[in-house]
Amino acid sequence: MSGRTPYYITTPIYYVNDAPHVGHAYTTIACDVMARFKRLDGFDVKFLTGTDEHGQKVQKSAEAFGTTPQELADKNSQNFRDLAKLLNVSNDDFIRTTEARHIKAVQFLWERLLESGDVYLGSYSGWYSVRDEAYYNEDELSVRDGKRFAPTGAPVEWVEEPSYFFRLSAYAEPLLKLYEEQPQFIMPSGKRSEVISFVKGSLRDLSISRTTFDWGIKVPGDEKHVMYVWLDALANYITAVGYPDTTGDFAKYWPADLHMVGKDILRFHTVYWPAFLMAAKLPLPRRVFAHGWWTVEGEKMSKSLGNVVKPADLIETYGLDQTRYFLMREIPFGNDGDFSKRAMAQRINVDLANGYGNLCQRVLSMIQKYHGGQLPAPEVLSDDDHALLNAAKGMLDAVRTELDVQAFNKALDAIWHVVDEANRYVQEMAPWTLSKTDTVRLGTVLYTLADVIRQLAIMTQPFMPETSNRILDLLVVPADQRGFANLAANPLTPGTILPPPAPAFPRFVEPEEAK
RNA sequence: GGCACCGUAGCUCAGCGGUAGAGCAGGGGACUCAUAAGCCCUUGGUCGCGUGUUCAAAUCACGCCGGUGCCA
């Protein structure tokens, strides 16, 4: 009885040569928020993440470590699996490009590309950067000390070898038509303009196989060649829904609703990938969203500066939900952002501890203090009560609208509007006075507040699952009544005995410098 | 070099033709349920510079300066 609408969302697959940093965490958390939101909103969600394991760079690293590429991949893939767990991410699958299911899918896809007539054997000569796993033109390079470097600063080497090519040049028109007809295929819109101008500037055919190393998926029927790592990698999105079997999960989930990517890999996802899919006669994903980068205290993150922020350290220092909240709230998704201790502490203290957390604490404490911990029953509702309840009622639509375009920060703004209204309501109703003058009215006020907190906690689940659930526990909301359908349908039951409250978000105090 | 985008309060940004806005930070006040939190009030900007269009310009056009991105 699955009448639920499917929703398929993916992170990029992370390259096993990298160590997990805050950028990986950011992408993954953003996807997790979307996935959790959609599930609570009644969708049948598939949320995929995983690792990209082939390529010359991995082979070289393995050689340098005196190990095999497979061993290196096994070890480092596990780091990303651990990261997902550490971040409390709710992915439904974790794909590795070295898995049999993927190799089978990619080889099948290759044959479809061959059939399309858009793959031909030629020979490639040009500059290649192993570090970037990308080809460059002569005029893009700079020369230092007699060596050539890509615009990214990565060294390049001259490669000359037989290679299969994909006739990407034939896809300029269809791609431009796609961008035109589906304006939200590439987001944010600034990135869309960049891709359009890139495609208009003429596309060259793409080399899609290599013969000078062998850590990759073999080209069917010509095993001297391994496939270009990006062709291999991009296909993970269809492997995970069962391709080449196009019934079952593929029929249900494909095309993907959202590929979330960092801005560095936008071109692969908005030019190469749709072109491959068109050639293979498969439906195209609905949206690719490119998010920005985080700097640290105003500086670019880099190994040489030694300022790379590790997710585990953030969680250790600030807490998991606090970190998730900060990353989603601090900047408009798509923009670059700056991570600073000051901004982090401010968000935690102002929004979480003083705003949301303290609201819960003061209300629940008053229920203990004035009502013996038993949830009061509401009597006649006043205009003030209705105003607050209506604000809460409006949250879901507002948040849904914002998350439909990945405006995580605006979604949180909308929720916090209600937090602020509720704190104001407490002040205006002054339950501490009512406790002496009008206990009937007191009961109504406290009940109203408790139910608004219930709705807030339901709404914050996608962003801060752990703490939200703790708040819902304090309100004794049954586990099966925490979906968005329960917002209006299942208000709190008067008379319920509530446990003694505990603060949801502690204030963050910078540890004293040890002297 | 070409094409985009950006330059608005100390900070981050919204507004994009009709008497300058929000959050945070700063200042003051009344309260006390609460995580010394919350609430109310408040200081603060010739909207990068210049010219033009218009009855009217942060808002449109052109030029310049400064910054960012993509491409070459």
Side-chain angles (χ1 to χ4, degrees), chain A residues 136-142 150-152 186 188-204 262-267 270-271 290-293 295 297-298 300 319 322 326 329-371 373 384 402 407 409-410 412-417 419-437 442 445-446 449-450 453 467 471 474 500-509:
Chain A
Y136 292 100
N137 292 325
E138 179 79 41
D139 55 10
E140 290 180 88
L141 306 176
S142 57
T152 56
I186 304 170
S189 62
K191 295 288 179 243
R192 171 174 178 263
S193 309
E194 288 178 7
V195 173
I196 289 174
S197 75
F198 170 73
V199 171
K200 278 185 175 164
S202 95
L203 292 177
R204 273 188 307 279
K263 60 182 183 180
D264 55 326
I265 55 173
L266 184 63
R267 186 191 299 179
T270 56
V271 181
H291 69 249
W293 296 131
T295 53
E297 308 290 346
K300 215 171 159 180
Q322 286 86 342
F326 178 84
R329 177 64 185 267
E330 185 65 5
I331 56 162
F333 202 65
N335 288 13
D336 288 344
D338 183 53
F339 185 94
S340 72
K341 289 182 179 180
R342 188 181 127 85
M344 183 85 189
Q346 199 162 281
R347 283 291 176 200
I348 289 175
N349 289 337
V350 175
D351 297 354
L352 296 180
N354 300 352
Y356 186 24
N358 189 52
L359 172 68
C360 297
Q361 185 66 8
R362 69 198 301 208
V363 169
L364 292 171
S365 296
M366 285 190 280
I367 291 171
Q368 289 296 324
K369 195 161 175 172
Y370 301 142
H371 243 267
D384 293 307
E402 301 301 354
N409 65 322
K410 288 189 185 171
L412 285 166
D413 278 346
I415 297 172
W416 252 257
H417 171 70
V419 170
D420 292 341
E421 287 294 318
N423 268 320
R424 208 166 294 131
Y425 172 92
V426 173
Q427 187 66 27
E428 282 166 11
M429 296 304 109
W432 46 93
T433 305
L434 291 175
S435 75
K436 296 167 194 150
T437 60
L442 173 69
V445 167
L446 292 180
L449 280 164
I453 292 172
T467 314
I471 295 168
L474 290 174
F505 300 99
R507 281 181 64 79
F508 178 77
V509 183

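Naming convention: chains lettered A, B, ... in sequence-line order (proteins, then strands); numbering from 1 in each chain. This is a predicted model, so every value here is computed, not measured.
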## Note on the structure
Rounded to whole Å, CG of A:Leu352 lies from C1' of B:rG38 at a distance of 15 Å
### Message
What is the distance, to the nearest angstrom, from the OH atom on A:Tyr356 to the P atom on B:rA34?
### Response
20 Å
### Task
In whole angstrom, give the distance that lies between atom CD of A:Gln368 and atom P of B:rU35.
13 Å
### Query
Which nucleotide sits closest to the side chain of A:Val350: B:rA25, B:rC70, B:rA37?
B:rA25
### Summary
Against the side chain of A:Arg424, the closest entry in B:rA37, B:rA34, B:rC40 is B:rC40
### Task
Using whole Å, report how far CE of A:Met429 lies from P of B:rC40.
12 Å
### B:rC11 pairs with, by Watson-Crick or G-U criteria that keep both distances under 3.5 Å
B:rG23
### Task
Could you check A:Gln427 against A:Asn423 for side-chain contact (heavy atoms from CB on, under 4.5 Å), going step by step and ending with a plain yes or no?
CA-CA 7 Å; A:Gln427 187 66 27; A:Asn423 268 320; over 6 Å; no
### Task
Looking at every strand, decide which applies to A:Ala430 at a 4.0 Å heavy-atom threshold: base, sugar-phosphate, or nothing.
nothing
### Message
Of the listed nucleotides (B:rG38, B:rA25, B:rU35), which one gets closest to any side-chain atom of A:Gln346?
### Response
B:rA25
### Summary
note: A:Trp432, atom CH2; B:rC33, atom C1'; distance rounded to Å ~ 6 Å
### Task
For the pair A:His291 and A:Phe333, name the ring-plane relationship: parallel under 30°, tilted 30 to 60°, perpendicular over 60°.
tilted
### Task
Take atom P in B:rA20 and the same atom in B:rG44, then report the distance between them in whole Å.
15 Å
### Task
Mind checking the CZ-CD1 spacing from A:Phe505 to A:Ile471? Nearest 0.5 Å is all I need.
5.0 Å
### Task
Quote, to the nearest angstrom, the P distance that separates B:rC11 from B:rG7.
14 Å
#### Entry: Spacing of the P atoms in B:rA61 and B:rC6 (rounded, Å)
11 Å
### Query
Counting only Watson-Crick or G-U wobble pairs whose two distances fall under 3.5 Å, which nucleotide matches B:rG52?
B:rC60
### Message
Walk me through whether A:Trp432 and A:Val426 qualify under side-chain contact (heavy atoms from CB on, under 4.5 Å).
### Response
CA-CA 10 Å; A:Trp432 46 93; A:Val426 173; 3.9 Å; yes
### Query
When all nucleic acid strands are considered with a 4.0 Å heavy-atom cut-off, which category describes A:Pro431: base, sugar-phosphate, or nothing?
nothing
### Summary
Closest to the side chain of A:Ala353, out of B:rU35, B:rC70, B:rG38, is B:rU35
### Pair assignment for B:rG66, Watson-Crick or G-U wobble, requiring both distances under 3.5 Å
B:rC6
### Query
On a whole-Å scale, what distance lies between the P atoms belonging to B:rG10 and B:rG26?
15 Å
### Query
What are the two closest non-hydrogen atoms of A:Pro506 and A:Ile348, and how far apart are they?
O-CG2, 4.0 Å
### Summary
Here the distance between atom P of B:rG69 and atom CD1 of A:Ile196, to the nearest Å, is 21 Å
### Query
When you look at A:Arg329 and A:Trp416, which way does the side-chain contact (heavy atoms from CB on, under 4.5 Å) test go after all the steps?
CA-CA 11 Å; A:Arg329 177 64 185 267; A:Trp416 252 257; 3.7 Å; yes
### Message
If I take atom CG in residue A:Leu359 and atom C1' in nucleotide B:rC33, what distance separates them, rounded to the nearest angstrom?
### Response
11 Å
### Query
Atom CD1 of A:Ile453 and atom OH of A:Tyr356: how far apart are they, to the nearest 0.5 Å?
8.5 Å
### Message
If I compare all heavy atoms of A:Lys263 with all of A:Lys191, which pair ends up nearest, and what's the gap?
### Response
CB-CE, 3.8 Å
### Inter-nucleotide P distance (B:rC3, B:rC16), Å rounded
27 Å
### Query
Closest to the A:Tyr370 side chain: B:rC70, B:rC33, B:rU35?
B:rC33
### Query
Of all the nucleotides listed (B:rC31, B:rU35, B:rA37), which has the minimum atom distance to the side chain of A:Asn354?
B:rA37
### Query
Please give, in whole Å, the distance from B:rC24 C1' to A:Arg347 CZ?
8 Å
### Message
So if I take every side-chain heavy atom of A:Arg362 and compare against B:rC31, B:rA37, B:rA34, which nucleotide ends up nearest?
### Response
B:rA34
### Query
Base, sugar-phosphate, or nothing for A:Gly357, non-hydrogen atoms under 4.0 angstrom?
base
### Inter-nucleotide P distance (B:rA14, B:rU8), Å rounded
10 Å
#### Entry: Nearest-nucleotide pick for A:Asn423, side chain only, options being B:rU35, B:rC39, B:rA34
B:rC39
### Query
Is the base of B:rA56 syn or anti, if syn means a glycosidic angle within 90° of 0?
anti
### Summary
Whichever of A:Asp351 and A:Phe198 has the more 5' nearest nucleotide on RNA chain B, that residue is A:Asp351
### Query
So what's B:rG44 paired with, Watson-Crick or G-U wobble, going by both distances under 3.5 Å?
none
### Message
Heavy atoms only, 4.0 Å cut-off, all strands: where does A:Lys369 land among base, sugar-phosphate and nothing?
### Response
sugar-phosphate
### Query
Quantified in whole Å, what is the C1' atom distance between nucleotide B:rG2 and nucleotide B:rG17?
31 Å
### Query
On a whole-Å scale, what distance lies between the P atoms belonging to B:rC41 and B:rA22?
11 Å
### Query
Which base, if any, makes a Watson-Crick or G-U wobble pair with B:rG17, both distances under 3.5 Å?
none
### Task
Counting Watson-Crick and G-U wobble pairs only, both distances under 3.5 Å, name the nucleotide matched with B:rC39, or none.
B:rG29
### Task
Could you check A:Asn358 against A:Lys263 and say which one's nearest nucleotide on RNA chain B is further toward the 5' end?
A:Asn358
